Protein chains: 2
Amino acid sequence: MSVKGLGELERSIMDILWAQNTPLTAREVGRLIEERDLAPTTVMTVLDRLTRKGFLDRTRDGRAWRYQPAESRDNYVAELMLEALDMTGDRSAALTRFAQAVSGPEAEILLRALSELEEE
Amino acid sequence: MSVKGLGELERSIMDILWAQNTPLTAREVGRLIEERDLAPTTVMTVLDRLTRKGFLDRTRDGRAWRYQPAESRDNYVAELMLEALDMTGDRSAALTRFAQAVSGPEAEILLRALSELEEE
DNA sequence: ATCCCAGCTCGACAGCCTGTAGTACTACGC
DNA sequence: GCGTAGTACTACAGGCTGTCGAGCTGGGAT
């Protein structure tokens, strides 16, 4: 699954679906994006594209499709981070920089997660 | 400095400049991308765009410009990673995922960098 | 049977970004 | 003065995203 950037609308829609724990239909998604006054087909098109890109899975529900994220947002974010990391020639330097850049409490979280890994 | 994605050629050029410790002129950069047979103006255009996007700084050298990265590659990568992290609602979950995803030796590096931070 | 409607699928088009380059202007060395 | 390196400006095609409209289809209401 190549992690590529998403457009703004695509991301809004992913956010909606990530926030949900049930698969939604296009109509339902559209209702949740009310701020923007989008044509129903717009939403459908984007859902379709996201599916083709592998970000969503869909299953039939009568005539309608129900969409749900193929992956959790956390996984997606972690993949993005790894992909960024891949871009460098010197991974350890980048990791070190990254470590320096995360703020205190988050450094804690990272440390704890890493420590747990060690123990296994 | 908004961290945006770079195109392929843009990235190649950044890679060249990141690999160098001296600012280069467009001509010099062009010579280093020989694999591709690019017109000199192509290189100049891209250098110009990268400068406007804030990825490069340039200073005069006679009539020519000398370009150099505004930021180290490691910083750039770290920023990309942080930006990815910003995209999530639950940063700690994403961080935990990330920690689980980095491979052993790299987890070591991270751990060490983080520990050093703690000590200060 | 028919007609309407929800939903879908396809196709379109504009705007922005990137790759790629040509043209035209401008100093500096000879 | 002229040629040349180097710049700045302009351009254009292709891909991606936002945004829809048109047209097809299956079921339920009449």
Side-chain angles (χ1 to χ4, degrees), chain A residues 1-18 22-69 76 80 83 87, chain B residues 1-18 22-69 76 80 83 87:
Chain A
M1 165 154 352
S2 128
V3 180
K4 276 292 173 55
L6 296 175
E8 199 179 330
L9 176 55
E10 289 178 332
R11 190 136 79 200
S12 303
I13 288 183
M14 286 306 295
D15 277 341
I16 287 175
L17 288 167
W18 269 321
T22 339
L24 298 183
T25 63
R27 177 157 301 266
E28 290 165 341
V29 170
R31 216 170 284 135
L32 291 172
I33 311 198
E34 256 177 285
E35 340 96 43
R36 288 205 244 183
D37 192 23
L38 295 174
T41 48
T42 300
V43 178
M44 287 188 221
T45 300
V46 175
L47 286 169
D48 199 43
R49 287 180 186 164
L50 286 169
T51 305
R52 251 180 285 155
K53 288 189 202 172
F55 286 98
L56 297 176
D57 290 334
R58 65 184 195 178
T59 45
R60 279 287 180 191
D61 177 7
R63 298 143 263 180
W65 291 105
R66 287 201 168 271
Y67 294 87
Q68 71 187 315
Y76 171 62
L80 275 184
E83 190 177 273
M87 198 175 51
Chain B
M1 166 154 352
S2 130
V3 181
K4 276 291 173 56
L6 296 174
E8 200 179 327
L9 176 56
E10 290 178 331
R11 190 136 79 199
S12 303
I13 288 183
M14 285 307 295
D15 278 342
I16 287 175
L17 287 167
W18 269 321
T22 338
L24 299 183
T25 64
R27 174 157 304 263
E28 289 165 342
V29 170
R31 218 170 284 135
L32 291 172
I33 310 197
E34 257 177 284
E35 339 97 44
R36 289 204 242 182
D37 191 25
L38 295 174
T41 48
T42 300
V43 178
M44 286 190 219
T45 301
V46 175
L47 286 170
D48 199 44
R49 286 180 186 162
L50 286 169
T51 304
R52 251 180 285 156
K53 290 189 199 173
F55 288 98
L56 297 177
D57 290 335
R58 64 183 194 179
T59 45
R60 280 289 180 189
D61 177 8
R63 298 142 265 180
W65 291 105
R66 288 203 167 269
Y67 294 86
Q68 71 187 317
Y76 172 61
L80 274 185
E83 190 178 273
M87 199 175 51

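Please read these numbers as outputs of a predicted model, since none were measured by experiment. In what follows, chains carry the letters A, B, and so on, assigned in the order in which the sequence lines appear, proteins first and then strands, with residues in each chain numbered from 1.
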Rounded to whole Å, CZ of Arg52(A) lies from P of dC16(D) at a distance of 12 Å
With B for base contact, S for sugar-phosphate-only contact and - for none (protein heavy atoms under 4.0 Å), nucleotides 16-30 of chain C reads --BBBBBB-------
Exercise for the section: Report yes if a side-chain nitrogen or oxygen of Arg58(A) is closer than 4.0 Å to either non-bridging phosphate oxygen (OP1 or OP2) of dT9(C); otherwise report no. Expected result: yes
For Arg63(B), the side-chain contact (heavy atoms from CB on, under 4.5 Å) test, sequence neighbours excluded, returns none
The side-chain hydrogen bond (donor to acceptor under 3.5 Å, both in side chains) partners of Asp57(A) (sequence neighbours excluded) come to none
Separation of dC16(D) atom P from Asp48(A) atom CG, nearest Å, is 15 Å
When rounded to whole Å, the CE to C1' distance for the pair Met44(A) and dG21(D) reads 12 Å
Applying side-chain contact (heavy atoms from CB on, under 4.5 Å) to Met44(A) and not counting sequence neighbours gives Ala26(A), Pro40(A)
Separation of dT9(C) atom P from Leu47(A) atom CG, nearest Å, is 11 Å
Notebook entry, point to check: Is the backbone N or O of Leu6(B) less than 3.5 Å from a side-chain atom of Arg11(B), with the two atoms forming a donor-acceptor pair by type?
Noted result: no
From CG of Leu24(A) across to C1' of dG7(C) the rounded distance in Å is 16 Å
Sequence neighbours excluded, the answer for side-chain contact (heavy atoms from CB on, under 4.5 Å) partners of Leu32(B) is Ile16(B), Gln20(B), Leu24(B)
So salt bridge (charged side-chain N to carboxylate O under 4.0 Å, His left out) across residues 37-52 of chain A, not counting sequence neighbours, yields Asp48(A)-Arg52(A), Asp48(A)-Arg58(A)
